[in-house]
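The first residue of the sequence shown is numbered 1, and numbering continues consecutively from there.
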Amino acid sequence: MIYRDRTEAGRHLAARLAGYKASRCLVLGLPNGGIPVGIEIARELESEFDLLFVSKITPRFNSEIGYGAVSESGAVTLNQDLIMRLGIRRDEVDEDVRNTKRKIEFRIRNFRLVGGRREIKGKTVILTDDGIASGYTMISAVETVRERGAREVVVAVPTAPLSSYNAISSLVTEIVCPDVRDVLRFAVADAYENWYDIDLNGAIEF
């Protein structure tokens with residue numbers, strides 16, 4: 001499946017999530033790509049929307065490679081196999097984690113919605129992004145909302161590789177992903193006609 005853009009992808013997901021419309025669920029978008037997707041889902045489901053700040057951990061020599069993730073709760077998820085393959089030392093991992101935590105703290109201070117974060121305890125939470133690659137960022141997000149007492153956790157993403165889809169499906173109540181790809185080389189951007197970087201300042205317009 002190819003989507004025109006993230007807004008269209010959000011509409012596709014919302015149609016598949018229609019059964020949650022009456023559940024007073026909470027939609028949480030992962031910045032940055034999950035913002036337009038999540039906003040569209042929340043509008044269609046008439047649900048609350050907020051951001052969940054999770055960021056991949058990248059080595060200093062390549063900002064595109066993610067070997068783990070840090071959530072706003074401070075939880076750290078690491079891909080130990082990839083760390084070994086990349087030859088990243090323990091002290092370098094520690095420094096990358098500290099840098100990632102500082103980035104999340106900055107985003108929370110500057111971009112958290114007025115009134116603070118939404119209450120999660122006892123709610124059905126729909127986590128969304130513009131796609132899943134390795135899955136570590138979404139796994140960290142799932143663990144965070146579980147820790148905060150979510151009653152049900154649903155992951156809704158436009159596209160994902162089969163390996164990540166299978167890994168996450170065992171952790172959540174439901175995973176909704178119209179475009180699951182069983183390929184050797186996966187890129188989220190391949191599922192979109194119009195792929196572009198998102199500025200967090202301009203994206204948060206509810």
Side-chain angles (χ1 to χ4, degrees), residues 1-21 25-58 62-67 69 71 100 103-104 106-107 110-113 125-142 154-169 172 174-206:
M1 176 178 287
I2 302 294
Y3 307 97
R4 184 173 62 251
D5 54 24
R6 292 178 177 91
T7 297
E8 182 183 78
R11 291 181 186 138
H12 273 281
L13 291 172
R16 297 190 178 215
L17 294 164
Y20 291 97
K21 188 169 184 177
C25 60
L26 171 64
V27 179
L28 295 177
L30 276 57
N32 295 358
I35 297 173
V37 177
I39 288 173
E40 203 60 36
I41 293 172
R43 283 174 177 162
E44 294 294 326
L45 299 185
E46 300 177 3
S47 301
E48 289 184 297
F49 176 76
D50 199 357
L51 307 180
L52 183 68
F53 293 94
V54 182
S55 181
K56 66 181 180 180
I57 304 166
T58 61
N62 191 328
S63 62
E64 296 301 315
I65 297 175
Y67 65 82
S71 76
T100 305
K103 180 171 73 173
I104 290 175
F106 173 83
R107 288 183 164 192
N110 289 276
F111 300 109
R112 176 67 74 191
L113 296 180
V125 175
I126 298 175
L127 292 168
T128 190
D129 203 347
D130 55 10
I132 293 174
S134 68
Y136 279 88
T137 301
M138 187 58 75
I139 290 171
S140 182
V142 170
V154 178
V155 169
V157 290
T159 186
L162 181 60
S163 57
S164 296
Y165 177 92
N166 288 338
I168 291 170
S169 64
V172 297
E174 181 181 6
I175 180 169
V176 176
C177 180
D179 182 58
V180 179
R181 303 188 179 198
D182 188 8
V183 294
L184 291 175
R185 295 188 177 184
F186 176 87
V188 171
D190 290 344
Y192 293 87
E193 292 178 3
N194 184 17
W195 179 257
Y196 51 90
D197 291 334
I198 293 178
D199 178 3
L200 194 54
N201 286 288
I204 308 177
E205 296 178 0
F206 306 105

dist Glu8:CD -> Tyr192:OH (nearest 0.5 Å) comes out at 9.5 Å
Exactly one of Leu17, Val154, Leu45, Val125 clears side-chain contact (heavy atoms from CB on, under 4.5 Å) with Cys25, and that residue is Leu45
To the nearest 0.5 Å, atom CG of Asp130 lies from atom CD1 of Ile198 at 6.5 Å
The complete set of side chain to side chain donor-acceptor pair (under 3.5 Å) pairs with one or both residues in residues 155-168, sequence neighbours excluded, reads Thr159-Asp179
Practice item. I would like to know whether Leu162 and Val180 meet side chain to side chain contact (heavy atoms under 4.5 Å, CB included); could you show each step before the answer? Key: CA-CA 6 Å; Leu162 181 60; Val180 179; 3.9 Å; yes
Minimal heavy-atom distance between Ala141 and Leu52, with the atoms involved, is CB-CD2, 3.6 Å
In short, Ile41 meets Ala156 closest at the heavy-atom pair CD1-CB, 4.5 Å
Separation between CD1 (Ile132) and CZ (Phe186), nearest 0.5 Å, reads 8.5 Å
*Can you find a pair of side-chain heavy atoms, one from Asp129 and one from Val37, that are under 4.5 Å apart?*
no
- May I ask you to test the Pro178-Leu13 pair for a side-chain heavy-atom distance under 4.5 Å? yes
Rounded to the nearest 0.5 Å, the CG atom of Leu26 sits from the CZ atom of Phe49 at a distance of 9.0 Å
Does NZ or CZ of Arg11 lie under 6.0 Å from the centre of the six-membered ring of Tyr3, at an angle within 45° of the ring axis? no
Correct closest heavy-atom pair for Val54 and Ala69 would be CG1-CB, 4.3 Å
Between the NZ atom in Lys21 and the CD atom in Glu44, the distance rounded to the nearest 0.5 Å is 7.5 Å
Closest heavy-atom pair, Arg181 versus Ala191, reported as atoms and distance to 0.1 Å, is NH2-CA, 3.5 Å
Query - Asn194 side chain vs Arg4 backbone, donor-acceptor pair below 3.5 Å - result: no
Closest heavy-atom pair, Gly29 versus Pro31, reported as atoms and distance to 0.1 Å, is O-CD, 3.4 Å
Between Gly33 and Arg6, the two heavy atoms sitting closest are O-CD, 3.6 Å
Worked check of side chain to side chain contact (heavy atoms under 4.5 Å, CB included) between Arg185 and Asp190:
CA-CA 10 Å; Arg185 295 188 177 184; Asp190 290 344; over 6 Å; no
Taken to the nearest 0.5 Å, the spacing of Glu40 CD from Thr128 OG1 works out to 11.0 Å
